[in-house]
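Following: one structure in structure tokens, then a few remarks.
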There are 2 protein chains.
Amino acid sequence: MDISLKGLRCFVAVAEERHFGRAADRLGIAQPAVSQQLQRLEAALDMTLVRRDGRGVLLTEAGAAFLPHARDTLESSRLAIRAGEAAMRGETGTVTIGLTPGVPPHRLADLMRQVAVARPGARLRVRETRIEDACAQLADGTMRFAVTSGFTPPSVSPPIEVAELAAEPLAVALHRDHPLARRETLTLPELAAERFTTIARDAIREQPFGLHGMCRRTGFRARKFAEVDDVTTQLALVATGLSAAALPLSMSRDAPADVTFVPLADQEPLRTMLLHDRRRGLPEVGDLLRIATPV
Amino acid sequence: MDISLKGLRCFVAVAEERHFGRAADRLGIAQPAVSQQLQRLEAALDMTLVRRDGRGVLLTEAGAAFLPHARDTLESSRLAIRAGEAAMRGETGTVTIGLTPGVPPHRLADLMRQVAVARPGARLRVRETRIEDACAQLADGTMRFAVTSGFTPPSVSPPIEVAELAAEPLAVALHRDHPLARRETLTLPELAAERFTTIARDAIREQPFGLHGMCRRTGFRARKFAEVDDVTTQLALVATGLSAAALPLSMSRDAPADVTFVPLADQEPLRTMLLHDRRRGLPEVGDLLRIATPV
DNA sequence: GATGTCCATAACGAAACATTATCACCGGCA
DNA sequence: TGCCGGTGATAATGTTTCGTTATGGACATC
């Protein structure tokens with residue numbers, strides 16, 4: 001069997017109440033139903049989430065790791081409903097643009113300026129997604145176009161067109177006072193002692209770019225410092241002086257003063273690409289490409 | 001009835017295939033089952049998601065708005081399973097720290113430096129959450145402490161302690177060449193003509209801080225430019241010169257050179273707070289508070 | 001108007017899910 | 001030691017969900 005939202009709701013309630021009976025009260029159902037839902041959930045996952053322990057319950061390691069994501073899933077389902085309701089109320093006409101991490105901000109600014117000029121008054125929504133989701137949304141018309149970063153152009157289904165906008169050096173961000181910060185260039189092996197902060201988003205935004213991809217391609221083993229959710233936080237941790245980060249060079253424009261960027265000599269440039277669905281017109285794309293010519 | 005993951009899977013398949021039969025094939029079930037699931041889903045939501053249109057299907061407005069979130073929900077459930085499995089394999093010992101948007105990066109850097117010193121070698125995970133989720137995770141021990149920003153201290157249940165770290169001016173970020181960019185201070189009414197870029201995350205991270213909160217408290221109606229997912233993108237759009245953004249003043253340290261910050265004179269300072277669960281020790285908190293004394 | 005495609009509906013069996021009643025376990029306590 | 005209150009699990013049972021196959025009806029194309 002598969003997991004269900006019902007099961008997740010039960011698990012979250014039990015985890016928070018530390019008590020099957022109270023969880024059942026909160027959910028407005030009888031206690032055995034909670035027991036059964038949790039058993040079904042554990043069976044589906046093939047793991048024990050809570051330790052039944054005479055007096056109340058205790059989360060297992062797996063349960064503790066599962067819990068925040070279970071909450072995320074429930075919250076996400078609520079958001080889905082709200083989004084649908086908002087659309088029903090006629091809140092529409094938003095232009096959605098996809099974005100994967102690693103796109104240099106100033107490059108995005110150039111594009112957005114162009115879009116805003118082409119469609120004055122439109123409400124814009126820039127949505128960070130995995131490349132696969134961007135393609136799916138382009139295909140179903142939910143998204144107008146997407147900007148993505150990676151070493152090699154993503155393979156996309158025929159109707160989606162890929163245009164290269166830029167190719168720029170990948171760099172390592174270090175604290176200003178770091179011994180390696182004055183170097184002109186660096187190579188990965190020289191960074192073996194560093195601890196890296198990466199964008200986690202729990203693999204939602206897994207990309208061929210960044211540390212994971214580099215490690216996979218070069219065999220370099222990066223030590224981890226922290227996982228964070230966005231570039232701003234990533235740079236904040238580099239600013240602690242305790243961590244490094246791999247980022248496109250031009251991100252240095254948006255970094256705190258005490259963070260230095262050193263190009264990675266042994267890495268191929270990061271290519272920024274524009275994806276759009278050829279079937280759906282996108283008259284702006286001509287302009288977009290004109291202003292954003294490859295470096 | 002409630003919505004189910006099964007229903008969401010069916011809807012996504014139908015939306016992507018634009019065809020009930022192919023969707024059924026992909027899901028490995030019979031076509032009527034797909035029809036029924038979709039009917040149940042639509043009944044639960046009380047909205048029409050797809051228009052059955054003789055030849056194939058077409059998404060409604062509501063369906064198009066619902067679709068990306070449905071995908072998010074499914075992805076999130078997959079992540080939950082992966083997180084549980086990772087914990088089963090013994091990948092543990094991570095220190096999780098909560099963060100709500102609006103916390104000045106350098107303030108976070110100070111804290112993280114302290115944490116890293118106190119627990120050398122620990123894997124750190126900085127997780128952006130809503131304040132409610134942070135409290136829930138503090139309560140169940142999944143999170144060690146959380147840093148949050150807002151005008152008023154959050155109301156939290158007794159065992160969770162709140163300590164104020166800083167109070168700093170709220171500012172509006174404008175392009176360097178904007179007529180108002182040279183002012184010493186600004187007030188909200190002076191910004192009535194601006195279009196703002198806000199952090200959306202589709203209200204996951206809805207906060208009393210930021211535009212929504214300010215508007216609610218002052219009656220100011222902000223015009224919208226775009227909704228984005230993180231501060232980096234937000235600043236990139238301010239750099240287009242077409243949009244403003246409301247941010248804590250010290251975020252200017254991390255902004256591109258062509259973005260100027262002007263303090264908002266009619267807004268109370270944004271307070272940064274540290275939340276932790278008193279029952280669970282947290283010996284570091286003494287140090288944290290010592291180094292991060294209120295400004 | 002015959003035909004094919006597509007989705008909806010009907011009918012029905014199996015699995016899921018809820019209920020109430022009861023059991024088994026454990027900790028405290030006289 | 002043996003009883004007790006409180007915990008979660010289990011049993012028995014009815015309802016709903018959810019899948020199946022078979023069939024119907026709408027709407028294109030030719």
Side-chain angles (χ1 to χ4, degrees), chain A residues 1-60 62-64 66-67 70 73-74 77 140, chain B residues 1-60 62-63 66-67 70 73-74 77 81 140:
Chain A
M1 246 301 289
D2 251 355
I3 71 173
S4 66
L5 288 177
K6 237 174 280 203
L8 294 183
R9 260 187 288 271
C10 276
F11 168 64
V12 171
V14 168
E16 289 181 355
E17 299 287 347
R18 306 181 169 285
H19 192 287
F20 278 62
R22 283 196 296 275
D25 281 353
R26 199 168 97 180
L27 297 167
I29 56 178
Q31 171 262 315
V34 177
S35 282
Q36 291 167 27
Q37 279 292 353
L38 212 56
Q39 280 165 14
R40 273 189 284 266
L41 180 62
E42 290 184 324
L45 294 169
D46 193 29
M47 48 178 99
T48 308
L49 296 174
V50 303
R51 187 89 45 208
R52 287 77 160 168
D53 166 82
R55 218 129 218 85
V57 289
L58 218 72
L59 285 181
T60 63
F66 189 77
L67 177 56
T73 305
L74 294 172
S77 72
D140 61 39
Chain B
M1 246 300 290
D2 251 356
I3 70 173
S4 67
L5 289 177
K6 241 175 279 202
L8 294 183
R9 260 187 289 272
C10 277
F11 168 64
V12 171
V14 167
E16 289 182 355
E17 300 287 346
R18 304 180 168 284
H19 192 286
F20 278 61
R22 283 196 297 275
D25 281 354
R26 201 169 94 181
L27 296 167
I29 58 179
Q31 170 262 316
V34 176
S35 283
Q36 291 166 27
Q37 279 292 353
L38 212 58
Q39 280 165 14
R40 272 189 283 268
L41 180 62
E42 290 184 323
L45 293 170
D46 192 28
M47 49 177 97
T48 308
L49 295 174
V50 303
R51 186 91 41 206
R52 286 78 159 170
D53 168 80
R55 217 131 218 85
V57 288
L58 218 71
L59 286 180
T60 62
F66 188 78
L67 177 55
T73 305
L74 293 172
S77 73
I81 296 173
D140 60 41

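Residue numbers start from 1 in every chain, and the chains themselves are labelled A, B, ... in the order their sequence lines are given, proteins ahead of strands.
In this structure, B/I29 atom CD1 and D/dG19 atom P are separated by 5 Å, rounded to whole Å. If you measure from atom NE2 of B/H19 to atom P of C/dA8, you get 12 Å, rounded to the nearest angstrom. To the nearest angstrom, P of C/dT5 lies 13 Å from CZ of B/R22. Going from atom CZ of B/R51 over to atom C1' of D/dC27 covers 17 Å, rounded to whole Å. Between the C1' atom of D/dT20 and the CG atom of B/L27 lies a distance of 15 Å, rounded to the nearest Å. The nearest whole Å value for the distance from the CD atom in B/Q31 to the C1' atom in C/dG4 is 15 Å. For the pair A/F20 CZ and C/dT19 C1', the interatomic distance rounds to 18 Å; values are reported in whole Å. Taking atom CG of residue A/D25 and atom P of nucleotide C/dT19, one finds them 11 Å apart after rounding to whole Å.
If you check the side chains of B/S35 and B/Q39, you find no donor sitting under 3.5 Å from an acceptor.
Taking side-chain N and O atoms only, B/R52 has no distance below 4.0 Å to OP1 or OP2 of C/dC6.
Take B/S77 and apply the side-chain contact (heavy atoms from CB on, under 4.5 Å) test, not counting sequence neighbours, and it matches A/I3, A/T73, B/L5. Partners of A/A33 by side-chain contact (heavy atoms from CB on, under 4.5 Å), not counting sequence neighbours, listed by chain and number: A/I29.
Formation of a donor-acceptor pair under 3.5 Å by the B/R52 side chain with backbone atoms of B/V50 is found in this model. Checking side-chain atoms of B/R18 against main-chain N and O of B/E16 turns up no donor-acceptor pair under 3.5 Å.
Sorted by residue number, the members of residues 33-44 of chain B with any non-hydrogen atom under 4.0 Å from DNA chain D read B/A33, B/Q36, B/Q37, B/R40.
Taking 4.0 Å as the cut-off between side-chain N and carboxylate O, A/R51 and A/E42 do not count as a salt-bridged pair.
Heavy-atom distances to DNA chain C give each of A/S4 and A/P32 a nearest nucleotide, and the one nearer the 5′ end belongs to A/S4.
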